Each structure stands twice: as C-alpha cells, then as structure tokens.
**Student:** 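Right, I'll just put the structure down here and ask away after.
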There are 2 protein chains.
Amino acid sequence: MTSSRRFGRRDSETSLAILDATERVMRAEGYGAVTSRRVAEEAGIRQGLVYYYYETMDEVLLACFQRRSAQALARYESEVRSERPVHAIWDDLTNTIDARLVFEFVALANHHEGIREEVNRFLVKTRRLEAETIRKEAEARGVDLAPATPAAIAFLMYAATLVLASESSTGVTEGHDDVRALFDWMLKRFE
Amino acid sequence: MTSSRRFGRRDSETSLAILDATERVMRAEGYGAVTSRRVAEEAGIRQGLVYYYYETMDEVLLACFQRRSAQALARYESEVRSERPVHAIWDDLTNTIDARLVFEFVALANHHEGIREEVNRFLVKTRRLEAETIRKEAEARGVDLAPATPAAIAFLMYAATLVLASESSTGVTEGHDDVRALFDWMLKRFE
DNA sequence: GTCTATACACCGATAGAC
DNA sequence: GTCTATCGGTGTATAGAC
C-alpha cells in the first residue's frame with residue numbers, strides 16, 4: 001500500500017533548509033516541537049512542502065541525525081590522522097559536539113527504532129575508532145595507561161564532554177574545572 | 001487571571017497513581033508521550049481527572065521529578081552515613097537511578113524552565129554532597145587521589161553511570177566493562 | 001472525587017491547482 | 001517545485017452532571 005506521492009531530492013536547497021530548521025527547533029524547543037508546521041515556519045516555506053521532500057516527520061528527524069553523524073564521523077577520521085589525534089578528538093568533543101542536540105537524539109532513540117539504530121551504529125563506530133587511536137598513540141609514545149584502558153578512556157571522554165556541555169548550557173558547573181584539569185593531565189601524557 | 005478550578009490533594013492515591021503512570025509512559029515512550037490522555041489511560045482513570053489534581057501537564061512533569069529527586073536525595077543522605085559511603089553512592093547510581101528517566105528529564109530541562117531549575121538544584125546539591133563524602137573518606141583512609149579530586153570523581157561517577165545505563169538500555173556496551181573495571185579499581189582504594 | 005461532554009488549537013498527511 | 005485547501009485525529013483545558 002505504497003503512496004503515489006513523489007519526492008524531491010535530498011540534496012536540494014529546500015531540503016537542506018528543512019534540516020537546518022529542524023536542528024534549530026530541536027535545540028531551542030526539543031524534539032516535541034519538531035512538527036511540520038513549526039519546521040516549515042522556521043525554514044520560511046509552507047507546511048505542505050515538507051512532505052514533498054520527506055515522507056513523514058520521522059524521516060525528517062532521521063535525515064537530520066544522519067547528516068550530523070556523517071559530518072562528525074568525517075571530522076573524526078580526519079582527526080585521528082592528525083599529529084596529536086587524542087588532543088584533536090578531545091577538542092572536537094569539547095567544542096564541536098552540540099550536547100543539547102545529542103541529548104534530544106538519545107532521548108528520541110529510547111522510543112524510536114530508526115533513530116536508535118543510527119545512534120547505536122554511530123556510537124559503536126566512533127568509540128572503536130577513538131579507542132584504537134588511543135591504543136596506538138599510547139603504544140607509540142610508551143604511555144602506560146593502567147589501570148585505565150583505551151576503551152575506558154574513549155568512553156569517559158565522550159561521557160564527560162557530553163555532561164560537561166549539557167550542564168554548562170543550563171548553568172551547572174559544579175566540579176567542571178576539576179574534571180577538565182584531570183583530562184588535561186591525561187592529555188599531557190600523550191605529548 | 002487565575003482559574004476558578006479546585007484541585008485535589010497531591011498525596012492522594014489517585015494523584016500518586018498519576019505520577020506512577022507518568023513515569024511508566026516516560027520510560028517507555030519518552031516525554032513527548034506524556035499527554036493527559038495517555039497518562040490517564042495508563043493510570044486507569046479518565047482524561048479529565050488529571051486536571052482535577054494538576055493544573056497543567058507541565059505541573060505533572062514537575063511533580064514527577066520532584067518526587068523522584070526527593071527520594072534520591074533521602075537515599076544519598078542515608079548512604080553517606082553508611083560504613084562504605086563511596087561504594088554505597090556508586091551502587092545507588094548504578095542500580096537505583098533510572099538513567100532513561102534522567103535522560104528524559106535533562107532533555108526536558110533544556111527547554112522547560114521549571115524542570116531546569118529543579119534539575120539544577122538537585123545536581124548541585126548531590127554533587128557537593130558526594131564530593132564532600134569522597135574528600136572525607138580519602139582523608140580518613142589516607143588515600144591520595146591525585147591527579148583527580150573529590151569533585152572530579154563525583155562528576156565522573158555521575159556522568160559514567162548515566163551514560164552506561166543509557167547505552168545499555170539501547171544495546172550499546174562498547175567499553176562498558178573497561179569503565180566498570182576502572183571504577184572498581186578506584187573503589188578498592190576506599191576499602 | 002470521578003465522570004461525560006465539549007471548545008478550540010494543532011498536527012500529520014494527502015489532493016490538486018498553478 | 002511550491003502553493004492552498006482539507007481530512008481525521010489528538011492535544012489541552014474547562015464546564016457541569018452525578
């Protein structure tokens with residue numbers, strides 16, 4: 001029982017404007033506010049046009065996450081080939097990640113199968129990439145990580161930066177300086 | 001322009017059933033699914049009755065978080081007076097905290113002022129309590145935490161358990177064993 | 001205290017004009 | 001490719017019967 005509707009290209013200007021608008025609405029008002037009307041208003045188009053580019057609103061959310069995760073993955077893959085890969089990953093997690101959006105997508109993933117699969121795929125891929133990078137660097141520089149492991153450090157870098165950014169954006173900073181100092185100490189060992 | 005509506009007691013059986021139902025819906029379907037119709041169905045009452053106990057649905061969400069945070073705070077205050085307070089806090093964060101709900105509330109806090117204030121108040125209070133507990137225990141047992149600090153450890157215990165539980169519930173376990181081993185090592189120093 | 005009934009706004013999705 | 005118009009469904013919140 002497929003629909004007879006036709007759809008526009010995902011790389012068109014309007015299509016990308018819809019994704020941009022979706023990100024803005026999500027950041028400011030949460031995924032619950034991502035409706036065809038609200039997104040259309042934010043993108044400067046009419047409500048019906050959203051459905052020319054995306055079959056459902058779930059498709060919009062999925063495309064939005066896929067675009068972001070592809071961009072992030074591309075950055076990581078470039079960073080791990082840089083001169084100081086562990087520092088580069090930490091800086092990316094600290095400065096480029098949008099914790100507010102991540103929280104929204106993770107909350108979405110809890111009850112939206114398509115998003116969940118994409119989020120999980122992304123998490124596993126990036127964590128393995130980061131852990132392997134940390135392992136190689138530690139080996140090359142003769143750093144003994146014990147009692148930590150590359151995978152533990154990769155996990156903690158992600159969890160810490162996510163919560164740091166999330167709390168900062170709502171005004172909580174208790175313990176943040178101490179945590180950053182601890183990771184700075186860890187990063188120094190990779191110099 | 002206050003409404004003339006009257007409201008029922010917050011400690012009544014039905015009122016608490018509404019909060020129980022709200023938690024279940026939130027856990028299973030996310031904060032977006034917390035509607036008066038859905039909550040009423042889950043609580044086995046009629047939709048209109050929700051508004052006899054709560055003025056708005058935002059009130060329901062707020063009351064839901066306040067109840068949980070009060071319970072959690074009471075547990076923490078008992079745990080810090082126990083024989084092995086750092087272990088007790090870790091066990092609580094690991095086993096008793098519902099990461100899925102925490103994620104939902106943090107996401108909600110990003111665009112809901114009332115929830116944000118409550119979440120922030122709770123985070124600051126518990127983190128200080130935990131950091132102070134770690135500091136006292138380290139001093140009493142002669143544990144040198146450097147290069148970490150009590151506040152950094154308190155932050156990392158929270159961030160790690162939150163992400164561990166969240167990822168576990170959606171099927172990602174990459175690096176989890178290593179992180180748990182690292183915290184086990186840290187906890188051993190407090191024995 | 002719990003119910004039914006209802007007003008009104010908003011949402012997803014489609015059809016069809018231009 | 002973009003628009004207008006419209007459908008049925010669902011959401012919040014209130015009024016009033018029992």
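So that the names make sense, note that chain A is the first sequence line, chain B the second, and so on, each numbered from 1. This one's a predicted model, so the numbers in the text were calculated from it and none came from an experiment.
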**Student:** Phosphate oxygens OP1/OP2 of dC11(C): is one of them under 4.0 Å from a side-chain N or O of S36(A)?
**Tutor:**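 Checking dC11(C) against S36(A), no side-chain N or O comes under 4.0 Å of OP1 or OP2.
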**Student:** Let me know the distance between CD of E59(B) and C1' of dA13(D), rounded to the nearest Å.
**Tutor:** 14 Å
**Student:** Give the rounded distance in Å between these two atoms: CD1 of I18(A) and P of dT2(D).
**Tutor:**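 The answer, rounded to whole Å, is 9 Å.
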**Student:** To the nearest Å, how far apart are R46(B) CZ and dT4(C) P?
**Tutor:**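 Checked: the CZ to P distance equals 4 Å.
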**Student:** Would you call R141(B)-E191(B) a salt bridge at under 4.0 Å N-O?
**Tutor:** no
**Student:** Closest-nucleotide mapping onto DNA chain C: is T14(B) or Q47(B) further toward the 5' terminus? I mean the 5' end.
**Tutor:**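 Per heavy-atom nearest nucleotide, the more 5' residue is T14(B).
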**Student:** Mind checking Y53(A) for me? I need base, sugar-phosphate or nothing, with any heavy atom below 4.0 Å counting as a touch.
**Tutor:**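 Sugar-phosphate contact only - Y53(A) comes under 4.0 Å of backbone atoms but never of a base.
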**Student:** For E41(A) and dC10(C), give me the distance from atom CD to atom P, rounded to whole Å.
**Tutor:** 11 Å
**Student:** DNA chain D: R37(A) or L49(A), which has the more 5' nearest nucleotide?
**Tutor:**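 Mapping each residue to its closest nucleotide by heavy atoms, the 5'-most match is L49(A).
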**Student:** Just the rounded figure in Å: distance from P of dG11(D) to CD of E29(B).
**Tutor:**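 Value for this atom pair: 11 Å.
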**Student:** Rounded to the nearest angstrom, tell me the gap between atom OH in Y52(A) and atom P in dA15(C).
**Tutor:** 16 Å
**Student:** What is the distance, rounded to the nearest whole Å, between atom OH of Y51(A) and atom C1' of dT4(D)?
**Tutor:**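 After rounding, the reported distance stands at 16 Å.
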**Student:** T56(A) near the nucleic acid: base, sugar-phosphate alone, or nothing, with a heavy-atom cut-off under 4.0 Å?
**Tutor:**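 Sugar-phosphate only.
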**Student:** Does a donor on one side chain sit under 3.5 Å from an acceptor on the other, for Y54(A) and S15(A)?
**Tutor:** yes
**Student:** Should the pair R100(A)-E104(A) be classified as a salt bridge under the 4.0 Å nitrogen-to-oxygen rule?
**Tutor:**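 Between E104(A) and R100(A) there is no salt bridge, as every charged N stays at least 4.0 Å from the carboxylate O atoms.
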**Student:** For R38(A) and dG12(C), give me the distance from atom CZ to atom P, rounded to whole Å.
**Tutor:** 12 Å
**Student:** In terms of side-chain heavy atoms, does E79(A) have a donor or acceptor partner in H87(A) at a distance below 3.5 Å?
**Tutor:**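 The answer is no; no qualifying pair exists.
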